[in-house]
Amino acid sequence: MTRQHRTASETETASVAAQLARSLAPGSVVALTGDLGAGKTAFVRGFVEGLGVDPDEVTSPTFTVIQEYGGGRVFHVDLYRLTGEEVDDLGLEELPEGGGLVCIEWAERLPRPFS
């Protein structure tokens, strides 16, 4: 299923994200796209807050690539600095297997659709 939302503020983005997080089935993947500064990390802050996780834990994972919040309830992935081959080596398909929700920033860099 594909949903697209356009928001006008960080607060509005966080609200949409929190509502979405509460509505998703375990193991769901959220693909985030947009230019630098578009609010992808702000979305993830709202997303984790919607699940009862402290949003202050969320930082952009640009250099660590994958961060985990809430004891594996949310995985936050940032593909900005990676090539398709490097993305393949991450094993992203395994992240949702334990029921955690996955938010992928720069999802347009995935070498193929996430299944």
Side-chain angles (χ1 to χ4, degrees):
M1 170 191 310
T2 300
R3 296 185 210 175
Q4 187 173 16
H5 295 275
R6 187 172 301 270
T7 59
S9 70
E10 191 168 319
T11 302
E12 191 178 328
T13 299
S15 177
V16 167
Q19 291 172 14
L20 177 64
R22 290 188 293 266
S23 73
L24 293 175
S28 293
V29 177
V30 177
L32 302 167
T33 61
D35 296 332
L36 281 171
K40 295 178 292 294
T41 302
F43 178 95
V44 177
R45 282 189 195 100
F47 191 89
V48 301
E49 187 171 26
L51 298 172
V53 176
D54 182 359
D56 291 336
E57 289 185 37
V58 176
T59 59
S60 181
T62 299
F63 293 103
T64 56
V65 183
I66 301 172
Q67 294 198 50
E68 180 181 324
Y69 308 116
R73 291 175 53 206
V74 178
F75 295 95
H76 182 192
V77 180
D78 189 323
L79 303 179
Y80 181 68
R81 299 188 186 282
L82 302 179
T83 65
E85 189 173 291
E86 292 169 321
V87 172
D88 272 340
D89 290 341
L90 293 175
L92 296 178
E93 297 82 14
E94 297 171 14
L95 291 177
E97 289 177 1
L101 301 174
V102 181
C103 293
I104 303 176
E105 292 192 33
W106 300 96
E108 64 271 20
R109 294 178 186 245
L110 287 166
R112 64 191 157 284
F114 208 92
S115 53

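The figures here come from the full heavy-atom set of this structure, side chains too, leaving out hydrogens, waters and symmetry mates.
- Residue pairs meeting the ring-ring contact (aromatic ring centres under 6.0 Å, His included) criterion with at least one partner in residues 6-37, sequence neighbours excluded, are absent.
- Remark: Glu57 pairs with no residue by the side-chain hydrogen bond (donor to acceptor under 3.5 Å, both in side chains) rule, at least two apart or across chains.
- Inter-residue side-chain proximity for Leu95 and Leu90 is flagged as unmet; no heavy-atom pair is nearer than 4.5 Å.
- In terms of heavy-atom proximity, Glu12 sits nearest to Ser9 at N-OG, 3.0 Å.
- The shortest non-hydrogen separation linking Thr41 to Glu105 is OG1-OE2, 2.8 Å.
- The CD atom of Glu86 sits 10.5 Å away from the CZ atom of Arg109 when rounded to the nearest 0.5 Å.
- Taking 4.5 Å as the limit, every side-chain heavy atom of Leu101 sits out of range of all side-chain heavy atoms of Arg73.
- By the side-chain hydrogen bond (donor to acceptor under 3.5 Å, both in side chains) test, Asp54 is found to be paired with no residue, residues two or more places apart in sequence or in another chain being considered.
- The closest donor-acceptor contact from the side chain of Ser15 to the backbone of Thr11 lies at 3.5 Å or more, if one exists at all.
- Between Ile104 atom CD1 and Lys40 atom NZ the span is 13.5 Å, to the nearest 0.5 Å.
- In plain terms, the two heavy atoms of Asp88 and Pro111 that are nearest each other are OD1-CG, 3.4 Å.
- The shortest distance between side-chain heavy atoms of Val74 and Leu51 falls below 4.5 Å.
- The stretch residues 88-110 participates, sequence neighbours left out, in these ring-ring contact (aromatic ring centres under 6.0 Å, His included) pairs: Tyr80-Trp106.
- Judged by distance alone, the side chains of His76 and Glu68 never bring a donor and an acceptor atom under 3.5 Å apart.
- At least one side-chain heavy atom of Gln67 sits under 4.5 Å from a side-chain heavy atom of Thr59.
- A donor-acceptor pair is defined here as one N or O able to donate and one able to accept, closer than 3.5 Å; no such pair exists between the side chain of Arg45 and the backbone of Ala14.
- The side chain to side chain contact (heavy atoms under 4.5 Å, CB included) with Val77 is formed by just one residue from the set Val87, Ile66, Val44; it is Ile66.
- Rounding to the nearest 0.5 angstrom, the gap separating the CZ atom in Phe75 from the CG atom in Leu92 is 11.0 Å.
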Using residues 16-37 as the side-chain source, report each donor-acceptor pair under 3.5 Å to any protein atom, sequence neighbours left out, with the distance given to one decimal.
| unit_1 | atom_1 | unit_2 | atom_2 | d |
| --- | --- | --- | --- | --- |
| Ser23 | OG | Leu20 | O | 2.8 |
| Ser28 | OG | Ala25 | N | 3.4 |
| Ser28 | OG | Ala25 | O | 2.7 |

